[in-house]
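Presented below is the structure to which this report refers.
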Number of protein chains: 2
Amino acid sequence: MARPRGSTSEITGQRLRAAALRLFARHGFAAVSMRQIAAGAGVQAGTLYLHFADKEDLLFDLLRSHMEDLIAAWDGQARPEGPLDRLREFVGFHLGRNRDHPDAVFLSYMELRNLGPANFARIESLRRDYEDRLSAILAEGEAAGVFACPDVKLATMAIIAMLNGVNTWYREGGRLTRERVGEIYWGMVRQAVAASGRA
Amino acid sequence: MARPRGSTSEITGQRLRAAALRLFARHGFAAVSMRQIAAGAGVQAGTLYLHFADKEDLLFDLLRSHMEDLIAAWDGQARPEGPLDRLREFVGFHLGRNRDHPDAVFLSYMELRNLGPANFARIESLRRDYEDRLSAILAEGEAAGVFACPDVKLATMAIIAMLNGVNTWYREGGRLTRERVGEIYWGMVRQAVAASGRA
DNA sequence: GTCTATAGAAAGATAGAC
DNA sequence: GTCTATCTTTCTATAGAC
């Protein structure tokens, strides 16, 4: 993040990150050896310890940068006015990020248990920060009478889980395009929190 | 499954299954050693190979029996008439199973990649069988004009992902009871597929 | 059916040459 | 900054005693 750009070290570091991300997502953190990661980046095993203190530090680096990039990307983009359009924007944004970073998304939900307590807490905190963006939209819509969630936090968790599910089954070239899937999910999300229709 | 009941072998086998389930869910398949599993069941490592051919066979046994029990439990219970009540029943059933078998549910989504192609295909097939039960309810409701899913398969995946998400954040003794969470999720599911309100 | 003991391979991490 | 070589530990799986 704060290393000199373009240096040999930085290039190797990024290649190691990329190799580790791919391998961890494919086989699981515990199943991947430091030797495999090094080989994936075209270096020897010992070199890894020039860039990362140990295996967990490498995993933490991947998860932290993923969450920080995610939050920065959302905060950095223009937001439409009004809770409904803003929610639509969030759904599209989240699905787009999941599409573009499937390995990191998978890791950030599946391999948290391999972090020590301190690192675990930091990632969880970042995740909460991100989820709070969605909660704020829902609360705003609730106050405006556009949404009617019986519980904003639960609606937040439900929407995120629902959207994340797409990555587990969607395959390029299948029955539906990404765009169509996005439209259909947006429809379900909108109805799930809509003010009309609540019994 | 077809072993003599109550025999010493069967008891040890069940203890090994229970220990493996707990350890795999807690630390991940690759991170758990055969020695740990044996110790968790109070036997030595060599004994494991009397009950399972190898580590993958043990995982497959856990996943297969979980999925088969799940389907049998749903098929074996009385079903209310009408798509809306049937959907409500499914939501409650699914949340209840997830509550009672969190480790097996977690494993069946996270450790499939550790199965060989043949075993993987068998578990995937069982999962599809289960999901088809939900799809049938949605299709029935669609035909009756009670539901309006733009796509039954996507609604199936969305509902299951949403419900499964509860296990990742719900903690006993928290802000909401299981019953209240079930009510709120049922409300969101119902609205998400409701015939009214579709634009 | 379970034990002890171990073979053989592979893991994480480090030291020192270049 | 990267390499080779290696220490130490741990792994899966098996052989043979009881």
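Just so you know, these numbers come straight off a predicted model, no measurement behind them. Letters A, B, ... mirror the listed sequences (proteins, then strands); counts begin at 1.
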For A:Glu10 and D:dT2, give me the distance from atom CD to atom P, rounded to whole Å. 11 Å

Once you round it to whole Å, what is the distance between P of C:dA13 and CG of A:Asp54? 5 Å

Side chain of A:Val43 only, please: which of D:dA13, C:dA13, D:dC3 is the nearest? D:dC3

Under 3.5 Å, which N/O atoms of the protein pair with N/O atoms of nucleotides 4-8 of chain D?
| residue | atom | partner | partner atom | Å |
| --- | --- | --- | --- | --- |
| D:dT4 | OP2 | A:Gln44 | OE1 | 3.4 |

To the nearest angstrom, how far is B:Leu48 atom CG from C:dG1 atom C1'? 13 Å

Nearest whole Å is fine: how far is C:dA13 P from A:Leu50 CG? 14 Å

For C:dA11, does either OP1 or OP2 sit under 4.0 Å from a side-chain N or O belonging to A:Ser33? yes

By side chain to side chain contact (heavy atoms under 4.5 Å, CB included) - contacts of B:Asn98 (at least two apart): B:His94, B:Val105, B:Asn164, B:Asn167

Applying salt bridge (charged side-chain N to carboxylate O under 4.0 Å, His left out), can you list everything that pairs with A:Arg180, at least two apart in sequence or on another chain? A:Glu183

Residue A:Tyr49, side-chain atoms from C-beta onward, closest of C:dA11, C:dG12, D:dG1: C:dG12

Looking at residues 18-28 of chain B, who's got a heavy atom less than 4.0 Å off DNA chain C? none

Rounded to the nearest angstrom, tell me the gap between atom CD in A:Gln36 and atom P in C:dA11. 6 Å

For residues 38-50 of chain A, please give each side-chain donor-acceptor pair under 3.5 Å, one per line with the distance, not counting sequence neighbours.
| residue | atom | partner | partner atom | Å |
| --- | --- | --- | --- | --- |
| A:Thr47 | OG1 | A:Gln44 | O | 3.4 |

Check salt bridge (charged side-chain N to carboxylate O under 4.0 Å, His left out) between B:Glu179 and all other residues, then give those that pass, not counting sequence neighbours. none

Using a cut-off of strictly less than 4.0 Å, decide whether A:Thr12 has a side-chain nitrogen or oxygen near OP1 or OP2 of D:dT2. yes

Using atom types as modelled, flag every donor-acceptor pair under 3.5 Å from a side chain in residues 140-152 of chain A to any protein atom, sequence neighbours excluded.
| residue | atom | partner | partner atom | Å |
| --- | --- | --- | --- | --- |
| A:Glu142 | OE1 | A:Cys149 | N | 2.9 |
| A:Asp151 | OD1 | A:Lys153 | N | 3.1 |
| A:Asp151 | OD1 | A:Leu154 | N | 2.9 |
| A:Asp151 | OD1 | B:Arg175 | NH2 | 3.1 |
| A:Asp151 | OD2 | B:Arg175 | NH1 | 2.7 |
| A:Asp151 | OD2 | B:Arg175 | NH2 | 3.2 |

Set of residues satisfying side chain to side chain contact (heavy atoms under 4.5 Å, CB included) with respect to A:Ala20, sequence neighbours excluded: A:Phe24, A:Ile37, A:Leu58, A:Leu62

Distance check needed: C:dA13 P versus A:Leu58 CG, whole Å only. 11 Å

Taking the six-membered ring of A:Tyr109, is the NZ or CZ of A:Arg127 close enough (under 6.0 Å from the centre) and on axis enough (within 45°)? yes

B:His51 side chain N/O closer than 4.0 Å to the phosphate oxygens (OP1, OP2) of C:dT2? yes

Both conditions, 6.0 Å and 45 degrees, for the charged tip of B:Arg133 above the ring of B:Phe93: are they met here? no

Mind calculating the distance between NZ (B:Lys55) and C1' (D:dA13) to the nearest angstrom? 12 Å

Separation of A:Phe52 atom CZ from D:dG1 atom C1', in whole Å? 14 Å

Identify, with sequence neighbours excluded, every residue that meets side chain to side chain contact (heavy atoms under 4.5 Å, CB included) alongside A:Ala136. none

